[in-house]
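The structure presented is a predicted model; accordingly, all values stated were derived computationally and were not measured.
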Amino acid sequence: MVPELPPLPALTRAEGEFVDAYLEVVDLLGRINPSRSSHTYGALRAAQALVGRATALRDALTLMHLRGESEVHTDTLARALRVLDGERRSGRVTLPGGSAS
């Protein structure tokens, strides 16, 4: 049985798009990460897609700014990222654990 996740906090549409686009960028960076990928083709495809997702991220932030949403509510957005598995997803961007040589 899958545990029930806490509900997402209330977000504006632009904040929701910001969080979604951010996580998509993180997912792509995880696929590109040379310490975690094993094939150039998959990394290449992720790098190509990154341009479009970065544009979506920029557009979400632009929309927030134009609507007068001048502050990023970090606590609320962090809760949304946690509900959407952002910690695991962003962990793929970092170097895997292990000792340095």
> Under 4.5 Å between any side-chain heavy atoms of R36 and P96, yes or no?
Replying inline: yes

> Are D85 and L23 side-chain neighbours, meaning at least one heavy-atom pair lies under 4.5 Å?
Replying inline: no

> Applying the 4.5 Å side-chain criterion to the ILVMFWY set and letting contacts propagate, would L11 and V72 be lumped into a single cluster?
Replying inline: yes

> Counting only heavy atoms not in E71, do more than 12 fall under 6.0 Å of its CD?
Replying inline: no

> V19 and L81: which non-hydrogen atoms are nearest, and at how many Å?
Replying inline: CG1-CD2, 3.8 Å

>> When you compare the side chain of L77 with that of Y22, does any pair of heavy atoms fall below 4.5 Å?
In response: no

>> Taking transitive links into account, so neighbours of neighbours count too, which hydrophobic residues share a cluster with V51 at under 4.5 Å side-chain distance?
In response: none

> How long is the span from the OG1 atom in T76 to the CD atom in E15, to the nearest 0.5 Å?
Replying inline: 7.0 Å

> Rounded to the nearest 0.5 Å, what separation is found between the CZ atom of R92 and the CG atom of L28?
Replying inline: 9.5 Å

> In Å, rounded to the nearest 0.5 Å, how long is the span from CZ of R79 to OG1 of T74?
Replying inline: 10.5 Å

> Would E24 and L29 count as a side-chain contact (heavy atoms from CB on, under 4.5 Å) if you check the C-alpha gap in whole Å, the side-chain angles of each, and the deciding distance to 0.1 Å?
Replying inline: CA-CA 9 Å; E24 289 172 354; L29 287 172; over 6 Å; no

>> If I take atom CG from residue L63 and atom OG1 from residue T12, how far apart are they, to the nearest 0.5 angstrom?
In response: 8.0 Å

>> Could you walk me through whether L8 and L84 satisfy the side-chain contact (heavy atoms from CB on, under 4.5 Å) test, starting with their C-alpha distance in whole Å, then the side-chain angles of each, then the deciding distance to 0.1 Å, before giving a yes or no?
In response: CA-CA 8 Å; L8 276 173; L84 297 170; 4.0 Å; yes

> Okay, side chain of D27, backbone of R89: is any donor-acceptor separation there less than 3.5 Å?
Replying inline: no

> Should F18 and L50 be counted in the same cluster of Ile, Leu, Val, Met, Phe, Trp and Tyr side chains packed under 4.5 Å apart?
Replying inline: yes

>> Tell me the closest heavy-atom pair linking A14 and E69, and the distance in Å.
In response: CB-OE2, 4.1 Å

> Of the non-hydrogen atoms in A54 and V25, which two are nearest, and what is the gap between them?
Replying inline: N-CG2, 4.0 Å

